[in-house]
Amino acid sequence: MTTQGEMTMEKDLILICDAGTTGCKCTLIDAHGAALVSARRNYDTVYPQPGWAEQNPDVILNAVYGGIRELLQQVSAQRVACVGLSGTMNGCIAVDGEGRALHPNILHSDSRSEAQVEQIHRVISPEEFYRLTGNRADAHYTLPKIMWLRDNEPEVYARARWFLNIKDYLYGHLTGRFGYTDYSDASLTVALDINERCWATELLRGLGLDPERMPRLLASHDVRGRITRTTYRQTGLITGTPVAIGGGDGACTGRGAGVNEPGSGYCYIGSSAWVSQILDRPLQDPQARILHYLDLDGRSCHATGTVSCGAAAFDWAVKNLLGSEGRPADISEVENMARQIQPGAEGVLFLPTLMGWRTPYWDANTRGCLMGFTLYHDRRHIARAVYEGVAFALKSCAEVMSECGAPMQSMMLAGGGARSGLWPDILASLFGLTARVHQTPGETTALGAAIAAGVGVGMFQGYAEAANAVSARSTHAPNPQWQRAYRQVYPIYADIYARIRPLNDRISTLKIGEE
């Protein structure tokens, strides 16, 4: 006999596993995009040598198992309609035919493969490489990392059947289906022909790599994977529950931020920051300033400009410049100080380039810069300049897109910085667009992964309908007075890089303190 509880039980939730850089967050999300409950498991990054960054994929897998078990102690597994996945992009996990990791994941932040980038440039020109892949050849992407394994770990390379990203590794272990990835992660390997949406086999062979070792491609909403009995024993998830292959964290964040049609964009302010919008095809930027990755739908494209230090630069300033009497300031105090100063900070300017400059200059030698202050200025001016410096850096990314024929038409704000009361006002006036602050600015990645999974199981009829699950907690219109001020100040900011580049290049060659 069926009980009343069983009669009313419906599969109305999506369980998301998002494997980030510092930890995995497992979240249960409903059909309205609301996060009901979540569990987080942290893990470490290992730095074996300068410029290296690695993680153990099995530690992350076990963190996922533990997070799922914790969720299912609070919510019945019978309510889970689908499992969705997201994870860090442009890593490199070599696995054998049984899905066993042969080497730690070489992370997105790892830069050990500079020599392999030079090998790429000897086979294909930088211009042609950008046209083919939509991205620069850079040590942080997957392709040169695969080459590094071939050149430096030949036994690992010889045994490798597939090269995966972390969410693909999780997918394999949850479903028993190894050797799959989605289009978004594939495109940031920079081994994909982004225009034809297939592996760039001629390039791979020209580099001495086997195209057959690249995983098979799926749209992010593909739900042919199913929870296995082994996974049931590890987690409590019901055997046969669909699993969507999911997407890289960047693409998931875009859909979670509500981007849905050409021109719709968002700004994300986390430790790093970026501006991104969805387009029908990659931008053909002759200076290769914009990076691209394919969307969860496998067809559209995200054009993105990146700022290496967003909130990270802000946090540095809070810790080192804005405290008093030996203590760091708290965030509300800093924001209050900044609000006391007019737009433009009375001539004080801050470059948040504390880890080099990516879009638009791609210059690793660029250092941070605070300038324009006099004996008149105080901490309040510095606070205002720091907020504006991050916003100016994001503006420079959007300007490149506009220059390439793709101006942003709308703007959602996400990430921890979107919780600020000041950044939305600054960005709205600087961009000349109404800024909408995401209802849950810290949950956009999980929401995007849930959208892909929901499309896969029919909870949403498509990505356009799923965009209705995205809402804003507040809107911020441009302030005409602030706009007039920024029209004077921003061009000065935009001129700083060219003026100080020779000095930064000289600083980078200093050997002070070395024998």
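Index from 1, following the sequence. As the structure is a computational prediction, the values presented were derived from the model and not from experiment.
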Q | Greater than 12 external heavy atoms within 6.0 Å of Gln284's CD | A | yes

Q) Is it the case that Asp168 and Thr181 place a side-chain donor and acceptor less than 3.5 Å from each other? A) yes

Q. Between atom NE2 of His438 and atom CG of Leu447, what is the distance when rounded to the nearest 0.5 Å?
A. 5.5 Å

Q | Interatomic spacing from CZ in Phe163 to CD1 in Ile93 - rounded to 0.5 Å | A | 11.5 Å

Q.
Between Leu72 and Val80, is there a side-chain heavy-atom distance shorter than 4.5 Å?
A. yes

Q) Yes or no on salt bridge (Lys or Arg N to Asp or Glu O under 4.0 Å) for Lys167 and Asp249, after CA distance, side-chain angles and deciding distance? A) CA-CA 9 Å; Lys167 71 105 173 59; Asp249 55 5; over 6 Å; no

Q) Any donor and acceptor pair, going by atom type alone, linking the side chain of Arg136 with main-chain N or O of Ala288 inside 3.5 Å? A) yes

Q.
Before you tell me yes or no, could you show the steps for Arg161 and Asp96 under salt bridge (Lys or Arg N to Asp or Glu O under 4.0 Å), namely the whole-Å CA-CA distance, both residues' side-chain angles and the distance that decides it to 0.1 Å?
A. CA-CA 5 Å; Arg161 177 64 185 90; Asp96 64 16; over 6 Å; no

Q.
Please evaluate residues His103 and Glu54 with respect to the criterion side-chain contact (heavy atoms from CB on, under 4.5 Å), reporting the C-alpha separation (whole Å), side-chain torsions for both, the decisive distance (0.1 Å), and the verdict.
A. CA-CA 9 Å; His103 189 274; Glu54 298 179 344; 3.6 Å; yes

Q.
Measuring only between side-chain heavy atoms, which start at C-beta, is Val190 closer than 4.5 Å to Phe129?
A. yes

Q.
Could you walk me through whether Asp110 and Lys145 satisfy the salt bridge (Lys or Arg N to Asp or Glu O under 4.0 Å) test, starting with their C-alpha distance in whole Å, then the side-chain angles of each, then the deciding distance to 0.1 Å, before giving a yes or no?
A. CA-CA 9 Å; Asp110 189 288; Lys145 293 169 184 173; 5.8 Å; no

**Q.** Exam field: side chain Arg213 to backbone Ala160, donor-acceptor pair closer than 3.5 Å
**A.** yes

Q. Are any side-chain N or O atoms of Ser264 and backbone N or O atoms of Asn260, one a donor and one an acceptor, separated by less than 3.5 Å?
A. yes

Q. Is the number of heavy atoms from other residues, nucleotides or ligands within 6.0 Å of CD (Glu212) greater than 12?
A. no

Q) Centroid-to-centroid, Tyr65 to His173, below 6.0 Å? A) no

Q. For the side chain of Gln277 and the backbone of Ala398, is there at least one donor-acceptor N/O pair under 3.5 Å apart?
A. no

Q. Is there a donor-acceptor pair under 3.5 Å between the side chain of Ser220 and the backbone N or O of Gly246?
A. yes

Q) Looking just at side-chain N and O atoms, do His476 and Asp425 make a donor-acceptor pair shorter than 3.5 Å? A) yes

**Q.** side-chain contact (heavy atoms from CB on, under 4.5 Å) evaluation trace for Ile278 with Arg255
**A.** CA-CA 9 Å; Ile278 196 166; Arg255 284 296 183 176; 3.6 Å; yes

Q) Do Asp30 and His32 get their side chains close enough for a donor-acceptor pair, meaning under 3.5 Å? A) no

Q) Side-chain contact, heavy-atom cut-off 4.5 Å: Leu209 with Met147? A) yes

Q) Charged N to carboxylate O under 4.0 angstrom, Arg289 versus Glu399? A) no

Q.
Any heavy-atom pair between the side chains of Cys309 and Trp316 that's under 4.5 Å?
A. no

Q. Got a second to check how far Ile14's CD1 is from Met459's CE, nearest 0.5 Å?
A. 4.5 Å

Q.
Check this for me: Tyr232, atom OH, are more than 12 non-hydrogen atoms of other residues, nucleotides or ligands nearer than 6.0 Å?
A. no

**Q.** Heavy atoms from other residues, nucleotides or ligands near CD of Gln74 exceed 12 (cutoff 6.0 Å)
**A.** yes

Q: Using the side-chain hydrogen bond (donor to acceptor under 3.5 Å, both in side chains) rule, take Thr304 and Ser276 through it: C-alpha gap first, then chi angles, then the decisive distance, then the call.
A: CA-CA 4 Å; Thr304 304; Ser276 186; 2.9 Å; yes

Q) Between the main-chain N or O of Thr189 and the side-chain N or O of Asn90, is there a donor-acceptor pair closer than 3.5 Å? A) no

Q: Can you see which heavy atom on Leu296 is nearest to which on Ala251, and at what distance?
A: CD2-CB, 3.7 Å

(Q) Please report the interatomic distance CG(Leu430) to SG(Cys267), rounded to the nearest 0.5 Å. (A) 9.5 Å

Q: Give the intermediate values and the outcome of side-chain contact (heavy atoms from CB on, under 4.5 Å) for residues Tyr141 and Leu291.
A: CA-CA 11 Å; Tyr141 294 127; Leu291 64 91; 3.9 Å; yes

**Q.** Asn165 side-chain N/O to Gly91 backbone N/O, donor-acceptor pair under 3.5 Å
**A.** yes

Q | Minimum side-chain heavy-atom gap Val307-Thr359 below 4.5 Å | A | no

Q. Is there a donor-acceptor pair under 3.5 Å between the side chain of Asp185 and the backbone N or O of Ile166?
A. no

Q. Considering residues, nucleotides and ligands other than Arg299, do more than 12 of their heavy atoms fall under 6.0 Å from its CZ?
A. no

Q | Donor-acceptor side-chain pairing of Ser187 and His302 below 3.5 angstrom | A | no

Q | Pair Glu443 + Lys25, salt bridge at N-O below 4.0 Å | A | yes

Q) What do the steps show when you test Tyr266 against Met408 for side-chain contact (heavy atoms from CB on, under 4.5 Å), and what is the final call? A) CA-CA 9 Å; Tyr266 71 100; Met408 284 176 58; over 6 Å; no

Q | Beyond-backbone contact of Asp285 with His292, side-chain heavy atoms, under 4.5 angstrom | A | no

**Q.** Heavy-atom side-chain contact between Trp162 and Tyr169 under 4.5 Å
**A.** no

Q: Side-chain contact test, heavy atoms from C-beta onward, threshold under 4.5 Å: evaluate it for Leu149 versus Leu102 and give yes or no.
A: no

Q. Can any side-chain N or O of Ser471 pair as donor or acceptor with the backbone N or O of Gln439 at less than 3.5 Å?
A. no

Q: Indicate whether any N or O donor in one side chain lies under 3.5 Å from an N or O acceptor in the other, for Thr27 and Ser38.
A: no

Q: For Tyr293 and Asn135, test the side chains for any donor-to-acceptor distance below 3.5 angstrom and give the result as yes or no.
A: no

Q.
Please verify the inter-ring angle class for Tyr180 with Tyr171; under 30° counts as parallel, over 60° as perpendicular, anything in between as tilted.
A. perpendicular

Q. Is the number of heavy atoms from other residues, nucleotides or ligands under 6.0 Å of Arg226 CZ greater than 12?
A. yes

**Q.** Glu335 side chain vs Leu422 backbone, donor-acceptor pair below 3.5 Å
**A.** yes

